[in-house]
There are 2 protein chains.
Amino acid sequence: MIKYAILGLLHYTDMHGYRIKEHIEQNFGNMWSINYGQIYPNLKKLYDDGLISMTEITQNGEKGPPRKLYSITEKGKNEFAGWLDNSPEKPMLLRDPFLMRFVFYGFGDMSRSVEVIDDQIKRYEKDLKRRKKNLKKRDNSGIYVQLIADLGVNLNEMFLSWLKHSKKEILENISKNEQEKTNPEIRRAAG
Amino acid sequence: MIKYAILGLLHYTDMHGYRIKEHIEQNFGNMWSINYGQIYPNLKKLYDDGLISMTEITQNGEKGPPRKLYSITEKGKNEFAGWLDNSPEKPMLLRDPFLMRFVFYGFGDMSRSVEVIDDQIKRYEKDLKRRKKNLKKRDNSGIYVQLIADLGVNLNEMFLSWLKHSKKEILENISKNEQEKTNPEIRRAAG
DNA sequence: TCTACCATGTAATCTGTTACATGATTGC
DNA sequence: GCAATCATGTAACAGATTACATGGTAGA
């Protein structure tokens with residue numbers, strides 16, 4: 001998959017590994033996590049397969065540390081076009097350690113779960129600010145990239161309001177349980 | 001991670017491997033993908049570590065094919081409680097081959113992208129129906145499980161309306177481009 | 001009998017993650 | 001000189017995926 005992300009990015013402009021990582025983090029950071037352990041071996045393989053070409057820049061004209069600049073070849077463009085056209089049709093996957101734990105909080109301490117939700121709210125409020133700022137910057141980067149950025153904002157907003165709703169529900173549940181503990185007759189009367 | 005999903009599920013009731021896979025698919029199918037290549041080796045390891053115990057049922061009283069019924073042990077419950085309490089704090093990850101391709105559709109055929117969006121709309125409308133039906137069934141399965149089910153519905157609704165909005169935007173873009181091709185003076189006059 | 005489904009498992013492979021090593025450049 | 005950042009890379013490990021092998025049961 002990272003293979004095609006690299007080929008896609010090289011359609012825009014020639015890049016070296018470090019820059020590719022930056023771009024992937026910025027453009028689909030919430031979709032794909034990325035590290036050098038994937039980038040450099042993949043670049044090597046793409047190069048060996050003739051899908052990209054490479055120019056080594058060793059402190060000559062260009063400033064900065066020595067780097068390897070990669071471009072996409074015709075063969076690479078064809079490979080990429082083929083991939084764009086045929087759907088692997090695998091479903092969306094939302095992977096979140098927080099959600100994974102959340103399902104099971106019923107077996108733990110409920111007030112602890114409220115703390116964890118508060119952490120998440122703080123985190124996603126920060127994220128949302130950053131994303132909205134980026135939306136304005138990206139006005140001329142093409143309709144598809146813009147739409148993906150919109151999706152990021154929508155997802156963030158939806159998740160935040162779900163977190164707030166969940167916190168409210170859990171707090172109500174906690175106070176209901178406490179009332180039942182101190183005044184058991186309420187429950188008996190109601191039931 | 002699957003390790004803890006298994007330990008969590010075994011809090012509800014004793015289960016065998018096949019049933020665990022079913023439950024994971026139903027409860028966090030859109031969060032985690034699962035296959036037997038993960039389930040059975042994990043069960044074996046959990047058993048070897050004493051976190052779960054096992055009873056073999058070989059065509060005796062119970063009907064059906066021979067199976068191994070697993071229960072969680074005290075040690076397993078402690079391990080699980082520890083995991084519930086401390087956050088790995090890794091960010092949410094939305095992995096979707098469709099979205100991955102979507103970012104790059106600018107390099108492909110725009111009308112093809114509309115077709116692909118239509119496929120996605122069909123798929124998620126179906127999914128939404130199924131999820132809403134399940135919401136009603138799950139009324140008594142505890143607040144956390146219910147909230148996660150709500151999230152699934154919210155995510156689905158958000159994504160659907162984003163898909164529809166995107167389709168509209170792309171169609172507008174296509175017709176704008178075609179107008180510019182046939183009447184280039186419009187663009188010159190506007191610019 | 002044949003199909004569909006229930007049930008358990010493994011081997012090979014692929015992908016992703018962590019941690020480390022190396023060194024250049026820029027700005028304080 | 002030192003810290004931060006830019007830049008490239010690899011080895012070891014962890015996790016996920018695919019494909020296969022095996023066999024039982026239920027119902028058409």
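Here the structure is a predicted model, which is why all the values come from computation and not from measurement. In what follows, every chain begins at residue 1, and chains take the letters A, B, ... in the order their sequences are listed.
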Residues A:K44, A:D48; criterion salt bridge (charged side-chain N to carboxylate O under 4.0 Å, His left out); working and verdict: CA-CA 6 Å; A:K44 203 181 169 186; A:D48 289 347; 5.6 Å; no
Interatomic distance where CG belongs to A:N42 and C1' belongs to C:dT17 [whole Å]: 14 Å
Interatomic distance, A:R95 CZ vs C:dT17 P [rounded to whole Å]: 9 Å
Nucleic acid contacts of residues 10-17 of chain B, taken as heavy-atom distances under 4.0 Å to DNA chain C: B:H16, B:G17
A:K21, NZ atom: more than 12 neighbouring heavy atoms under 6.0 Å: yes
N/O (side chain, A:K3) to phosphate O (OP1/OP2, C:dC14) under 4.0 Å: no
Shortest non-hydrogen contact from A:L10 toward A:S71: CD1-C, 4.3 Å
Euclidean distance, atom CE of residue B:M1 to atom C1' of D:dA14 [Å, nearest integer]: 12 Å
Spacing of A:I2 atom CD1 relative to C:dC14 atom C1', expressed in whole Å: 12 Å
Distance, rounded to the nearest Å, where A:K21 contributes NZ and D:dT5 contributes P: 13 Å
Residue A:Y18, side-chain atoms from C-beta onward, closest of D:dT18, D:dT8, C:dT18: D:dT8
Integer-rounded Å distance: D:dA16 C1' and B:L93 CG: 14 Å
Geometric class of the B:Y144/A:Y105 ring pair [parallel <30°, tilted 30-60°, perpendicular >60°]: tilted
Stepwise salt bridge (charged side-chain N to carboxylate O under 4.0 Å, His left out) check, B:R123 with B:D127: CA-CA 6 Å; B:R123 169 190 227 140; B:D127 271 24; 5.7 Å; no
Nearest to side-chain heavy atoms of B:P41, which nucleotide of C:dT10, C:dA7, C:dG16: C:dT10
Phosphate contact (C:dG16 OP1 or OP2) by B:K90 side-chain N/O below 4.0 Å: no
Distance in angstrom units between B:R19 CZ and C:dC5 P, rounded: 14 Å
Validation row, ring centre A:F104 to ring centre B:Y4 under 6.0 Å: no
Mutual orientation of the aromatic rings belonging to B:F102 and B:F98 [parallel < 30°, tilted 30-60°, perpendicular > 60°]: tilted
Whether over 12 other heavy atoms sit under 6.0 Å from B:Y40 OH: yes
Between P of C:dT15 and CD1 of A:I24, the distance in whole Å: 15 Å
Pair A:H16 and A:Y70, ring centroids less than 6.0 Å apart: no
Those residues of residues 32-40 of chain B lying under 4.0 Å from DNA chain C by at least one heavy atom: B:Y36, B:G37, B:Y40
